[in-house]
Amino acid sequence: MRTEIRIGGFGGQGVILAGIILGKAASIFDENEAVQTQSYGPEARGGASKCEVVISDSKIDYPKVQSPDILVAMSNEALIKYIVDLKDEGTLIVDPGTTDIEDVRDFIDQHNIKVYEAPATKTANDEIGLKIVANIVMVGAITKITGIISENAAIEAIKDSVPAGTEEKNINAFNAGYNLV
Amino acid sequence: MSEENKFTPYMRKDRLPHIFCPGCGNGTIMNAFLQAMEKAEMDFDNIAMVSGIGCSSRIPGYMNCDSLHTTHGRALSFATGLKTANKDLDVVVFTGDGDCASIGGNHLIHAARRNINLTVICINNNIYGMTGGQISPTSPKGSFGTTAPYGNMDAPFNLAELVAAAGASYSARWTTIQIENLVSSIKDGLKNPGFSFIEVATQCPTYFGRKNKLRTPTAMAVTLKMNTVFKSAADRMRKKDLEGKIVVGEFANSQRDEFTENIERISEEKFGKKTLINSAYEEEL
Amino acid sequence: MSEEFFIQGNEACAKGALKAGCRFFAGYPITPSTEVAETLARELPKVGGSFVQMEDEIASAGAIIGGSWGGTKSMTATSGPGISLMQENIGYAFITETPIVIVDVQRGSPSTGQPTMAAQGDMMQARWGSHGDYEPIALSPSSVQEFFDFTVKAFNLAEQYRTPVFVMADEVIGHMREKITVEDDIEIVARQMPEDKDNYLPFKNVENGTNPMPAFGQGFNIHVTGLTHDERGYPDTNDPETHHELVQRLCDKILNNKDKICSVQSEECGDADIIIVSYGAPVRSAIEAVQKARADGKKVGYIKLDTPWPFPEEQLKDLASNASDVFVVEMNLGQMYYEVERVLGSNANVHLIGKIGGLMPTPDEILSEINKMGGN
């Protein structure tokens, strides 16, 4: 089964790292395949940021995301820009602190989108005391909601990806996100 | 037969006779280099020469040491790679005014900025000799060349000053008339553990001379001598009076960090590794 | 033993270089190849290697040739604009038989073009970019794992044939992340130091083998020049025979070993009426297109060129002998297409699916081109 995931947000929120963690968890720590790609160019220098991951239990040939099964929006701009590609009955995960779901209500209704709200930024602030781990909180929420990677693989991938000395805070952030939904 | 030159053992005898014109300064400068090398007590076997394209760049081909005759203007980039790969080598670059100041100008200032331990002998004859007498970036204003039939309109570079400003730890200029000073500067350059630039103003009777009413080597030598001003005197002269003069002397002579030493220092201090030499020959590293 | 990493193609390339014994990198920052330089700037000092950020790509190519004669396996990485600047020195490396590796992560071109988008527009530049006759080796990876593997292979081929080798990647493969497995026991070709200092000829013809190459400073006192030279390395620029012999020998040492150098991968070609030929990132779409076509009962196969240069014409002829139609999929307006046409054109209709703009062709785009042909 091939699953396509797109994560969109602002530059600086760490959406790229979130995608790398998903890919690494799937391909190194679960026995799946994964490809991660991201947007480059002027758009990646500030403002919007986009990261895409394909996860599959068999070899992935075409590496890019065309119509995501899962859209994670951490900014309203990303929500509005990317929702149109989301598959019918696809999964939408938003951070209600940084998005307004009413802006895409028509699309959600017309395409039977399953919507989940994960207040990653607020949780990062309130529970971890570090706004910058909102991306890891979101990885926790994605893991729980979609089951696309295992909890254990996610934790191993986080340990392997974050700066030395910050593992504990990041795993706390993951757990907080995992328990949000 | 005349007596064999005492420097012949340093030459590739099977490549002689050389291609230089009668009256060319290259022979004098080769002699000066070999004298300086002996005075500096260098191990000739440890010298590697690099050159670009032009008359002066043919010199390494006649010397019996490892020599890399590269593309036009790029000798300093090849030399940077060679020296970085094996910093134990004494790397000497022979180049000309067209080679290092025109097509290779960017490499020249960057090599000086890095203060990489190379000794560069720049043979400045103010003209393109190999291609037949076109003007160069050091041709005096008003001089003639095949590409300046009405006289050169551009101001020339002062190379020794340019290289000093770019950060070389040693820079000097002499002419083929002041042999003792030249030998002494090449010696100092060889011993200086940083970027050393020795510019030698020289005669090209074949092309510069022919185009500028200085057809004989003697006429060119006399002009070189007449136009020479020592730096100590030049420092007290007005800019206007120095136009067309060749200021000789040292323009930089002060130590600072050397490029390949810096590379090794990072490896050693941070990771306890010395820079590997000849690692291409190892199956396992 | 092996290790696994989830990394970018460009990082995998740097890792491959280190594994192959590269201890000198000289380069100039250019998108989308910069991560190769950044990774090696970080890693080389850890293993006693040297990293130099040069003033431009011309200097970068010069420096790695100097580094190679200095006794160190050397590499640079760049993209289209840089490859254009390097061409003169690459020709120098060919005529002086200097092993170097040049990585080109291709982007939308010509000129500054699309720095962050993918293309395969430099394939003919790898083939013919420098002036004169020569036979280059070029490898094109289609995955992050292959970017690692092919970089190692590029160093081995460079040493084996004493020649420059290109790794012709593209932005898709350079920037995407995938899992790679690095085995402990990877075969590495080490350079051979000649033994006999007195009788060594650096540019001699060696039948069925490689003329060993000394490093500068080992007492061989050799002369290396970009001028036409004899087997001692001495310039000999007016004798037609010397020039002909030299250039012919340089070409022959690659052409005579084509069967060992050329590499292709293929699937489903045996009974195929239609064959897709591709290299680099588009192979990924070609494979998926073949699977979809087979599921529809169409007899479609694919050939992937691991080595666009030398062009694997014998392999292509064998694999495509029964095909009536061949589709060449590449991210340019037709470069390798003309090679395929030259080799297979007398037996099959050769079509181009050339896509520019920066995005790789999708499996459906390939299928729709193929379907257009049958009218269905």
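Convention: sequence-line order gives letters A, B, ...; per-chain numbering from 1.
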* To do: Identify the residues of residues 161-168 of chain B whose heavy atoms come closer than 4.5 Å to a heavy atom of chain C, ordered by number, or report 'none'.
  => none

* Do you know which of B:Leu76, B:Val91, B:Ile263 has the most heavy-atom pairs with chain C at a distance under 4.5 angstrom? -> B:Ile263

For chain B and chain C, give me every donor-acceptor pair shorter than 3.5 Å, distances to one decimal.
| residue | atom | partner | partner atom | Å |
| --- | --- | --- | --- | --- |
| B:Arg12 | NH2 | C:Asn221 | O | 3.2 |
| B:Arg12 | NH2 | C:Ile222 | O | 3.2 |
| B:Asp14 | OD1 | C:Tyr234 | OH | 2.9 |
| B:Asp14 | OD2 | C:Tyr234 | OH | 3.2 |
| B:Asn64 | O | C:Asn221 | ND2 | 3.3 |
| B:Asp66 | OD1 | C:Asn221 | N | 3.1 |
| B:Asp66 | OD1 | C:Ile222 | N | 2.8 |
| B:Asp66 | OD2 | C:Gly217 | N | 2.7 |
| B:Ser67 | N | C:Ile222 | O | 2.8 |
| B:Ser67 | O | C:Val224 | N | 2.8 |
| B:Ser67 | OG | C:His223 | ND1 | 2.6 |
| B:His69 | N | C:Val224 | O | 2.7 |
| B:His69 | O | C:Tyr92 | OH | 3.0 |
| B:His69 | O | C:Gly226 | N | 3.4 |
| B:His69 | ND1 | C:Thr225 | OG1 | 2.7 |
| B:Thr71 | OG1 | C:Asn89 | OD1 | 2.6 |
| B:His107 | ND1 | C:Glu55 | OE2 | 2.9 |
| B:Arg114 | NH1 | C:Glu55 | OE1 | 3.0 |
| B:Arg114 | NH2 | C:Gln53 | O | 3.3 |
| B:Arg114 | NH2 | C:Glu55 | OE1 | 2.6 |
| B:Ser267 | OG | C:Pro45 | O | 2.8 |
| B:Leu276 | N | C:Gly48 | O | 2.9 |
| B:Ser279 | N | C:Gly71 | O | 3.2 |
| B:Ala280 | N | C:Gly71 | O | 3.0 |
| B:Ala280 | O | C:Arg191 | N | 2.8 |
| B:Tyr281 | OH | C:Met213 | O | 2.6 |
| B:Tyr281 | OH | C:Ala215 | N | 2.8 |

* Asked: Relative to chain C, which segment of B:Leu276 carries a heavy atom at a distance below 4.5 Å: side chain, backbone, both, or neither?
  -> both

* Structure fact -> chain B shares the most heavy-atom pairs under 4.5 Å, among C:Gly233, C:Ala63, C:Cys22, with C:Ala63

* Within 6.0 Å of CZ in B:Phe157, more than 12 heavy atoms from elsewhere -> no

* Could you check which of C:Pro235, C:Gly226, C:Ala20, C:Gly219 has the highest count of heavy-atom pairs closer than 4.5 Å to chain B? => C:Pro235

* Toward chain B, the part of C:Ala26 with a non-hydrogen atom under 4.5 Å -> neither

* **Contact class of C:Phe51 relative to chain B, heavy atoms under 4.5 angstrom** => backbone

* To do: Count the heavy-atom pairs under 4.5 Å between each of B:Ile47, B:Leu285, B:Ile53, B:Ile109 and chain C, then report the option with the highest count.
  => B:Leu285

* Under 4.5 Å from any heavy atom of chain B - which part of C:Phe24 -> side chain

* **chain B interface, residue from C:Ala215, C:Gly49, C:Gly21 that has the most non-hydrogen pairs under 4.5 Å** => C:Ala215

* Structure fact -> Whatever's closer than 4.5 Å to a heavy atom in chain C on B:Leu89 counts as side chain

* To do: For chain B, find which of C:Ile222, C:Val47, C:Val189 contributes the most heavy-atom pairs closer than 4.5 angstrom.
  => C:Ile222

* **Check: C:Val52 and B:Phe259 side chains under 4.5 Å, non-hydrogen atoms** => yes

